[in-house]
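Here the structure is laid out as structure tokens; the discussion comes afterwards.
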Amino acid sequence: ELTDTCDEQYYYFTFQKGESIKFNFDNKTDESDLADLRIQFLDSSGTYAYADSHGTDAQKAAYAELTSAQGLEANKGTYVIKVSFALGENKSKDQLYDIKVYSGDTYTDYYESLVATEDAATAILSGTYTDKYNPATSLASYLTAQSDEEQTNIMTTLTNIYS
């Protein structure tokens, strides 16, 4: 769900077999409250967009392939899907949506993923934030990587610590 206080969501997944990835996005919000959303299919660092519903012409074409019956050719690896409000879009109406990522047309193998999101305030109040995330450890790890001149970002640091 996208809201005015939580206006972007990230979904990480590991593609286990190099072939085409297919993606389906369905905005479940009432018709009168629909907002234009931006969907990006990114590399594992979240910095390179393979496909983007609001990106360059090439990224839009790749997004069209990703959402087609043929899918977008991809190598095995970890990818990120980012869902956010399009630039300049009104964020006052919450957006509920479903996403599905799949490959192939036969299902001889089944891989289960669990995805859940909550904003930081809710996580802190519920106690799940401190159960799975230690701010001091994360900051220390990130600052150590920076002082050692390693190319990293905070998302990579968090992924490495808690995976």
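Residues: numbered from 1 along the sequence shown. Hydrogens, waters and symmetry mates are skipped; everything else that's a heavy atom, side chains included, is used.
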*asked:* Using 0.5 Å steps for rounding, measure from the OG atom of Ser32 to the NZ atom of Lys93.
replied: 7.0 Å
*Hey, is CG on Asp98 packed in by over 12 heavy atoms from elsewhere, all under 6.0 Å?*
yes
*What about Ile39 and Leu96, same hydrophobic cluster or not, with Ile/Leu/Val/Met/Phe/Trp/Tyr joined at side-chain heavy-atom distances under 4.5 Å?*
no
*Student check: side-chain heavy atoms of Tyr97 and Gln9 closer than 4.5 Å*: yes
*For the pair Asp52 and Arg38, find out whether any cationic side-chain nitrogen is under 4.0 Å from an anionic carboxylate oxygen.*
yes
_Asn27-Thr29 side chain donor-acceptor pair, cut-off 3.5 Å_ = yes
_Could you report the tightest heavy-atom contact between Ser103 and Ser20, atom names first, then the distance?_
OG-O, 2.6 Å
_Closest contact, heavy atoms only, Ala35 versus Asn90_ = CB-O, 4.1 Å
*Straight-line distance of Lys82 NZ to Tyr12 OH, nearest 0.5 Å*: 10.5 Å
*Report the C-alpha separation of Val83 and Tyr10 in whole Å, then their side-chain angles, then the decisive distance to 0.1 Å, and conclude whether the side chain to side chain contact (heavy atoms under 4.5 Å, CB included) test is met.*
CA-CA 7 Å; Val83 180; Tyr10 295 87; over 6 Å; no
_I'd like to check Lys91 versus Thr3 (side-chain heavy atoms, cut-off strictly below 4.5 Å). Are they in contact?_
no
*asked:* Can you classify the ring geometry of Phe13 versus Phe41 as parallel (below 30°), tilted (30 to 60°) or perpendicular (above 60°)?
replied: tilted
*asked:* Once rounded to the nearest 0.5 Å, what's the spacing between atom CD of Glu8 and atom CD of Gln40?
replied: 9.0 Å
_I'd like to know if the side chain of Asp43 reaches the main chain of Thr47, judged simply by a donor and an acceptor atom lying under 3.5 Å from each other, with no hydrogens or angles considered._
yes
_Min side-chain heavy-atom separation Tyr50-Tyr63 under 4.5 Å_ = no
*Does some side-chain heavy atom of Tyr79 sit less than 4.5 Å from a side-chain heavy atom of Thr14?*
no
*Between atom OG of Ser84 and atom CG of Asp36, what is the distance when rounded to the nearest 0.5 Å?*
10.0 Å
_Validation row: Leu42, Ile81 side chains within 4.5 angstrom (heavy atoms)_ = no
*Are the charged groups of Asp26 and Lys28 less than 4.0 angstrom apart, N to O?*
yes
_Hydrophobic cluster membership, Phe85 vs Leu34, 4.5 Å side-chain cutoff_ = no
*If you measure from CD on Glu1 to CG on Asp94, what distance do you get to the nearest 0.5 Å?*
4.5 Å
*Nearest-0.5 Å distance, CZ of residue Phe25 to OG1 of residue Thr67*: 12.0 Å
*Looking only at heavy atoms, what is the nearest atom pair of Gly55 and Gln59, with distance?*
CA-OE1, 3.3 Å
*Are side-chain heavy atoms of Tyr102 and Ile21 found at a separation under 4.5 Å?*
no
_Gln70 side chain to Lys22 backbone, donor-acceptor under 3.5 Å_ = no
